Protein chains: 2
Amino acid sequence: MLNQVNSKINPKKNLQKDEKNASLLQKNGSLSPENASDPRLPRYLQVRDDLLKRIVLRSWAADEALPSEEKLAAEYEIAVGTMRKVLDTLVNDGIVDRVRGRGTFVARAAERSSMLHFIRAKGTSRDALPVAEIRAMTTAIPPAAVAEKLKLKPRDKTLYLHRTRSFNDEIVLSEHIWLPLARFRKLQKYLKSNSPPFLYPIYESECDVLVSRAIDDLTAKPLNRANAAVFKLKTKTMAICVERLMLDHAGEPVEWRSSFVPAERFQYSAEVR
Amino acid sequence: MLNQVNSKINPKKNLQKDEKNASLLQKNGSLSPENASDPRLPRYLQVRDDLLKRIVLRSWAADEALPSEEKLAAEYEIAVGTMRKVLDTLVNDGIVDRVRGRGTFVARAAERSSMLHFIRAKGTSRDALPVAEIRAMTTAIPPAAVAEKLKLKPRDKTLYLHRTRSFNDEIVLSEHIWLPLARFRKLQKYLKSNSPPFLYPIYESECDVLVSRAIDDLTAKPLNRANAAVFKLKTKTMAICVERLMLDHAGEPVEWRSSFVPAERFQYSAEVR
DNA sequence: CAGTGGTCTAGACCACTCC
DNA sequence: GAGTGGTCTAGACCACTGA
């Protein structure tokens with residue numbers, strides 16, 4: 001199902017009408033068994049799910065316009081008004097941007113994810129970003145509490161990462177990350193030869209996992225011995241612990257991480273609605 | 001303009017078609033000068049603004065249905081589809097709830113404001129809520145930093161509150177609150193004879209101020225002498241400081257507060273999108 | 001049963017962008 | 001000027017609620 005689709009073919013114009021840009025819904029409007037989202041769902045939600053899949057599978061490059069409302073409506077055999085409703089929901093979720101007179105575009109991951117820099121360290125900014133380093137990567141059956149958060153079955157494995165961020169050679173953040181292995185096998189391979197500054201865009205580009213929502217729980221805790229050693233601080237130094245559960249657009253848990261920042265360096269912003 | 005409207009008259013049924021339920025837009029569709037939102041705005045936004053004003057002024061009780069889409073559309077002389085778009089935006093902002101077969105209702109403030117309990121203290125819950133106490137209330141010209149956040153002119157006054165929350169006779173939270181006096185005069189009077197558990201619903205009921213969005217900035221700070229005294233803790237005890245700017249639906253700043261929680265008691269949740 | 005909101009259609013006219 | 005999305009209309013049929 002999750003064949004990689006090479007979007008680099010004809011990235012700009014003169015799109016061939018080939019398989020890669022075809023609706024995953026069958027032409028007659030019913031659903032192929034493999035793509036069966038509940039057919040009792042309203043049409044616009046079925047179309048939304050289908051279109052979202054195509055976006056996640058990179059059917060269109062970031063700077064390439066989707067087909068116009070009219071063309072998409074014709075392709076899915078629905079009215080333009082209904083297609084507009086589909087696109088409106090995608091705009092609302094930050095998946096696409098629409099520009100009058102130009103077209104509809106896949107939103108860039110960097111612009112989409114306000115989640116990238118919610119935890120900051122004092123004295124740092126977008127320009128002076130702490131350097132990420134992965135200090136451990138293994139596959140493992142996670143602690144029960146993590147397995148529960150990720151809705152895993154008892155023996156399901158995870159990809160575990162221990163990552164730090166440093167600023168001026170001083171470690172300012174230490175985090176433990178668990179990812180359901182089933183969806184993140186490609187990430188393991190990727191991280192063996194790459195050190196990306198952010199992980200979320202890699203989840204998307206390597207694993208076709210598009211993160212949509214996060215729930216953060218913050219508490220203050222004294223550092224235990226292991227974490228204190230990472231920071232080269234005394235045990236029991238006060239730190240802030242941010243526990244974050246990430247969900248995809250279907251509400252399925254995608255990542256659980258707990259991040260520690262020594263209290264003096266801690267800074268965090270959130271917009272609440 | 002902000003006449004109090006008594007919504008207790010005919011709270012259930014048999015609504016008279018009196019002034020209180022009339023559109024604030026003029027019948028011919030143009031705008032009265034006092035209510036002039038920009039007439040170049042699309043019709044659905046003008047209607048939205050008008051309807052929102054009526055909701056804030058409590059033209060309908062919380063358990064009373066608004067007129068149906070059809071009736072509202074007729075009243076504003078727009079198509080039902082456009083009225084639906086208006087109501088959709090209000091649903092999206094959590095202002096109203098729509099129930100198929102029943103009608104459209106003003107959302108309850110308590111359900112609307114997920115902001116009510118984002119900062120918690122360890123060991124507390126909705127059932128065991130810490131008790132709020134207002135320990136100081138004055139009108140004052142705020143510090144420059146606060147005035148800037150609230151977009152006040154140099155000599156604009158604010159209502160200043162110092163409030164604490166206690167749990168089992170132990171103070172777990174101390175907060176300093178600044179409100180633009182112009183919009184909050186009635187609050188001052190109200191708080192002289194009431195001790196509500198939450199302020200936001202009072203902003204709404206007493207001052208017709210409906211809060212829509214908050215931006216929180218969290219940092220860890222050692223307590224200064226004054227704050228340490230409030231908690232009866234040593235100076236320099238580590239605490240978390242949450243600075244919150246609240247905005248109304250128009251994006252105008254409505255409140256600025258800085259809350260302190262001793263680190264050991266600190267707990268905070270946020271949903272990030 | 002009448003009345004409500006939820007979905008969907010098939011048009012219209014406009015503002016804006018790019019060629 | 002051709003093509004895009006933004007607004008708006010005027011219907012239709014449906015699912016659900018409450019009397």
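Chain naming here is simple, since letters A, B, ... match the order of the sequence lines and numbering starts at 1 in each. Note that the structure is a prediction, hence the values are computed from the model and not measured.
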- Message: Students often get this wrong, so: under 4.0 angstrom with heavy atoms, is A:Thr82 touching a base, only sugar-phosphate, or nothing?
- Response: base

- Item | Those residues that, when tested against B:Gln267, pass side-chain hydrogen bond (donor to acceptor under 3.5 Å, both in side chains) (two or more places apart) | none

- Query: So how far off straight is the helix from C:dC1-D:dG18 to C:dC18-D:dG1, going by the axes through five pairs at either end, to 10°?
  - Reply: 10°

- Message: Expressed as a whole number of angstroms, how long is the span from B:Met83:CE to C:dT4:P?
- Response: 14 Å

- Message: Using OP1 and OP2 only, check whether a side-chain N or O of A:Lys85 sits under 4.0 Å from C:dT9.
- Response: no

Please enumerate all protein N or O atoms sitting under 3.5 Å from an N or O of nucleotides 12-17 of chain C, with distances to 0.1 Å.
unit_1 : atom_1 : unit_2   : atom_2 : d
C:dA15 : O4'    : A:Arg100 : NH1    : 3.3

- Item | Those residues that, when tested against B:Thr104, pass side-chain hydrogen bond (donor to acceptor under 3.5 Å, both in side chains) (two or more places apart) | none

- Note on the structure: Taken to the nearest whole Å, CD/B:Glu69 to C1'/C:dG3 is 11 Å

- Query: Using the ring of each side chain (for Trp, its six-membered ring), is B:Trp178 parallel, tilted or perpendicular to B:Trp256, with breaks at 30° and 60°?
  - Reply: tilted

- Note on the structure: salt bridge (charged side-chain N to carboxylate O under 4.0 Å, His left out) filter on A:Asp156, not counting sequence neighbours, yields none

- Message: Starting the side chain at C-beta, find the nucleotide from D:dG5, C:dC8, C:dT7 nearest to B:Arg84.
- Response: C:dT7

- Query: Are B:Asp97 and B:Arg102 close enough for a salt bridge, meaning some N to O gap below 4.0 Å?
  - Reply: no

- Query: A:Leu87 near the nucleic acid: base, sugar-phosphate alone, or nothing, with a heavy-atom cut-off under 4.0 Å?
  - Reply: nothing

- Message: I'd like to check the side-chain hydrogen bond (donor to acceptor under 3.5 Å, both in side chains) partners of B:Arg84; sequence neighbours left out, ordered by chain and number.
- Response: B:Glu69

- Item | Length of the line joining A:Leu72:CG and D:dT4:P, which is rounded to integer Å | 10 Å

- B:Thr104 has a side chain; which of D:dT9, D:dT7, C:dG5 sits nearest to it? C:dG5

